[in-house]
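Shown next, in structure tokens, is the structure this report addresses.
Heavy-atom basis, side chains included; hydrogens, waters and symmetry copies ignored. Every chain is numbered from 1, with letters handed out A, B, ... down the list of sequences.
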Number of protein chains: 2
Amino acid sequence: MGVTKTEIFTEAQNEIATLAKAFAHPARVAILHHLFKSNTCICGDLVDEIGLAQATISQHLKELKTIGIIKGNIEGTSVCYCIDTENWTRIKNTITAFLDNHPTNINCC
Amino acid sequence: MGVTKTEIFTEAQNEIATLAKAFAHPARVAILHHLFKSNTCICGDLVDEIGLAQATISQHLKELKTIGIIKGNIEGTSVCYCIDTENWTRIKNTITAFLDNHPTNINCC
DNA sequence: TTAATTAATCGTAATATTGCAATAAATAAA
DNA sequence: TTTATTTATTGCAATATTACGATTAATTAA
């Protein structure tokens with residue numbers, strides 16, 4: 001009832017779902033877009049650039065960090081966030097492998 | 001409060017989020033995995049193969065169909081679902097483009 | 001030390017998602 | 001037509017997510 005039955009799915013299936021969840025909110029996509037743009041990392045400017053409250057942005061950053069997509073370095077009073085390049089590559093490969101799973105020249109219906 | 005503020009994000013950001021949402025639940029990933037395996041399409045066997053109620057599977061299929069990842073053909077009393085190859089490619093390209101956005105040789109923190 | 005700045009956390013409210021039993025709808029078979 | 005089969009829909013209940021104000025924690029500057 002309302003709870004995802006993680007145990008009935010394979011590791012791979014749960015992993016894809018977890019990774020996809022990271023990109024499943026436009027605010028998190030926007031955060032990543034901003035991190036792409038400035039290859040030196042931005043910090044709390046994200047709050048100004050994206051129109052969400054500081055608490056909300058912080059929450060989204062935490063989720064991205066938990067999944068391992070970004071990492072944060074404390075610099076004085078502010079925190080510098082940036083893409084975790086190694087993990088990004090790993091995640092990209094996982095998702096790409098999944099998306100490449102389907103032969104694109106078959107149409108059964 | 002509690003509502004995603006779609007209007008403050010770009011079209012592209014919202015699209016990525018919408019597409020990612022399709023893959024953000026293991027049941028939907030499992031459904032797609034099953035559709036990959038049998039390149040002739042499966043129908044209600046999904047209910048037996050995945051351990052979820054018929055209503056739940058039907059709901060997930062509907063979501064995948066709404067996003068355009070799969071399509072269904074009525075065949076007698078049953079429905080034959082399969083990957084929408086054209087859309088799959090389009091979705092794959094969109095996500096891949098996003099994932100390729102980040103230069104993997106930069107590490108700012 | 002005190003004030004200012006910045007980010008994380010807490011508490012709460014609202015909406016979204018997930019799951020299923022029950023039912024409806026549609027087709028096939030008898 | 002009646003019955004079986006299969007899928008979609010409806011109507012809940014429970015959990016998850018999103019968002020933000022208020023507060024806390026940590027560091028810097030004065």
For D/dA16, does either OP1 or OP2 sit under 4.0 Å from a side-chain N or O belonging to B/H25?
-> no
May I ask you to test the B/F23-A/L19 pair for a side-chain heavy-atom distance under 4.5 Å?
-> no
Shortest side-chain distance from A/R28, nucleotide among C/dC20, C/dA7, D/dT18 = D/dT18
Which of the following nucleotides, D/dC20, D/dT15, C/dG19, is nearest to the side chain of A/A55?
-> D/dC20
Please determine, for the side chain of B/E63, which listed nucleotide (D/dC20, C/dC20, C/dT18) has the closest atom?
-> C/dT18
B/T77 side chain near D/dT7 phosphate (N/O to OP1/OP2, under 4.0 Å) = no
Among D/dC20, C/dA7, D/dA8, which nucleotide sits nearest the side chain of B/V79?
-> D/dA8
Geometric class of the A/F36/A/W88 ring pair [parallel <30°, tilted 30-60°, perpendicular >60°] = perpendicular
Are OP1 or OP2 of C/dA8 and a side-chain N or O of A/Y81 less than 4.0 angstrom apart?
-> yes
When B/G76 and A/V47 are each assigned the nearest nucleotide of DNA chain C, the 5'-most assignment goes to A/V47
Write down the distance between CD1 (A/I74) and P (D/dA26), rounded to a whole number of angstrom.
-> 10 Å
Taking only side-chain nitrogens and oxygens of B/T56, does any of them come within less than 4.0 Å of OP1 or OP2 of C/dT18?
-> no
Point-to-point distance, once rounded to the nearest 0.5 Å, from CG of B/L99 to CG of A/L99 | 8.0 Å
What nucleotide among C/dG19, D/dA19, C/dT9 has an atom nearest to a side-chain atom of A/K62?
-> C/dT9
Output yes when A/K92 and B/D100 qualify as a salt bridge under the 4.0 Å nitrogen-oxygen rule, no when they do not.
-> yes
Take the protein atom CZ of A/F9 and the nucleotide atom P of C/dT18, then report the distance between them rounded to whole Å.
-> 10 Å
When we call it a touch if two heavy atoms are under 4.0 Å apart, what does A/S78 touch: a base, just sugar-phosphate, or nothing?
-> sugar-phosphate
Under 4.0 Å: is that the gap between some side-chain N or O of A/H60 and OP1 or OP2 of D/dT17?
-> no
Distance, rounded to the nearest Å, where B/E75 contributes CD and C/dA26 contributes P = 19 Å
Report the distance from atom CD of B/Q59 to atom P of C/dC20, rounded to the nearest whole Å.
-> 10 Å
Residue B/L52, side-chain heavy atoms: nucleotide from C/dG19, D/dT6, D/dA19 that is nearest = C/dG19
Interatomic distance where CD1 belongs to B/I50 and P belongs to D/dT7 [whole Å] | 13 Å
Test applied, side chain to side chain contact (heavy atoms under 4.5 Å, CB included); reference residue, B/I69; option that passes from B/L64, B/L35, B/I31 | B/L64
Would you kindly compare A/K65 and B/A24 by the position of their nearest DNA chain C nucleotide and give the one closer to the 5′ end?
-> A/K65
Measure the distance from NZ on B/K5 to P on C/dA16 and round it to the nearest whole Å.
-> 14 Å
Nucleotide nearest A/Q54 when distance is taken to its side chain, options C/dA7, C/dT15, D/dA16 = C/dA7
Close side-chain approach of B/R90 and B/N93, heavy atoms under 4.5 Å | no
Using a cut-off of strictly less than 4.0 Å, decide whether A/K21 has a side-chain nitrogen or oxygen near OP1 or OP2 of D/dA16.
-> no
